[in-house]
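Keep in mind that the numbers below use all heavy atoms, side chains included, and drop hydrogens, waters and symmetry copies. Quick caveat, the model's predicted, so the values are computed rather than measured.
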Amino acid sequence: MKTDDDTLVREYLATVERESTALPPAARQELLADLSEHIEVARAERPGDVRAILHEVGDPRTIAHTALHELGHTTTPPTRTPKRRRSPAWLPLLLLLISGVLPYAGDHVLLSWISVAMKITAVVMVCRSRHWTAARKWAGLTLATLLPATMNVIWYLAFVAPRNYAVIDTWRWPGAVVGFLLTLAGVGWLWRTRSSLERLARLA
């Protein structure tokens, strides 16, 4: 089975190489190295799932066209329907950081709702992104959203809704610091483990 999987990967990379012949040799080798590294990392985390991994990485022709476009070359667009453009890795992580602190900035319920909306938006962006493998997404999101969100709910129900201003004034900033640090830990994990394919930010 491993030999068959290795054959699939070699054929996939060979197809990418054929489709990207218009690239300069150095750029083509860098592209193939990035793809190979990304596939090997994904295979280590999801053994026996090579076909699904290659499907997630993308169509070789689209990958080659994207690399050409980023280098400023012109080429005939692929006949396939263009894939959606993904957001940069830092955008959902920034939303997570802001949402972790925002509920403690005041005692207005609107801040809590804005924080929830930002968290949901960030989680959806991370889940739909190819900057991370599935395992890394859930490890980072658990730390960056679950614990801070639980703190936010307790903060709102125990102190903000009952208008307990004495506690709010005393614990607002300690709560903000703890929520920020928890969120920062998850965001730091996601940032550190983002895919080497991030340089191909328009792949999806």
Trainee: For L184, enumerate each residue passing the side chain to side chain contact (heavy atoms under 4.5 Å, CB included) test, keeping only those at least two apart in sequence or located in another chain.
Mentor: L97, F180

Trainee: Minimum heavy-atom separation for L13 to L32, with atom names?
Mentor: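 Distance-wise, the nearest heavy atoms are O-CD2, 3.6 Å.
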
Trainee: What pairs with I98 under side chain to side chain contact (heavy atoms under 4.5 Å, CB included), at least two apart in sequence or on another chain?
Mentor: L94, M118

Trainee: Find the distance between CG (L35) and CD1 (I63) and round it off to the nearest 0.5 Å.
Mentor: 5.0 Å

Trainee: Give me the atom names and distance for the closest heavy-atom approach of L8 to L54.
Mentor: O-CD1, 3.9 Å

Trainee: Atom CZ in R51, atom OH in Y12: separation rounded to 0.5 Å?
Mentor: 13.5 Å

Trainee: Just to verify, what does E45 make a side chain to side chain contact (heavy atoms under 4.5 Å, CB included) with, not counting sequence neighbours?
Mentor: V41, T133, A135, R136

Trainee: Does S99 offer a backbone N or O that forms a donor-acceptor pair with the side chain of K119 under 3.5 Å?
Mentor: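 At least one qualifying donor-acceptor pair exists.
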
Trainee: Any idea which heavy atoms bring A122 and P92 closest together, and the distance?
Mentor: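 The pair with the smallest heavy-atom distance is CB-O, 3.4 Å.
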
Trainee: Taking L95 as the starting point, is it possible to reach L181 by hopping between hydrophobic residues whose side chains are less than 4.5 Å apart?
Mentor: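 Yes; L95 is reachable from L181 via cluster members.
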
Trainee: CG/L96 to CG/L182 distance, rounded to the nearest 0.5 angstrom?
Mentor: 12.5 Å

Trainee: R18: which residues meet the side chain to side chain contact (heavy atoms under 4.5 Å, CB included) condition with it, sequence neighbours left out?
Mentor: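 For R18, the residues satisfying side chain to side chain contact (heavy atoms under 4.5 Å, CB included) (neighbours in sequence not counted) are A14, T15.
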
Trainee: Which pair of heavy atoms, one from R28 and one from T21, lies closest together, and at what distance?
Mentor: NH1-O, 3.6 Å

Trainee: Please go through V124's hydrophobic cluster and name the other residues, only I, L, V, M, F, W, Y counting, with side-chain heavy atoms under 4.5 Å joining them.
Mentor: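 Joined to V124, directly or through intermediates: V116, I120.
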
Trainee: In terms of hydrophobic clustering (I, L, V, M, F, W, Y; side-chain heavy atoms under 4.5 Å; direct or indirect links), are I154 and V177 co-clustered?
Mentor: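 Looking at the clustering, V177 is in a separate group from I154.
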
Trainee: List the atom of P60, the atom of V16, and the distance in Å for their closest heavy-atom pair.
Mentor: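 For P60 and V16, the tightest heavy-atom pair comes out as CB-CG2, 3.6 Å.
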
Trainee: How far does CG of D6 sit from CZ of R43, to the nearest 0.5 angstrom?
Mentor: 4.5 Å

Trainee: What distance do I53 atom CD1 and H38 atom NE2 have between them, rounded to the nearest 0.5 Å?
Mentor: 8.0 Å

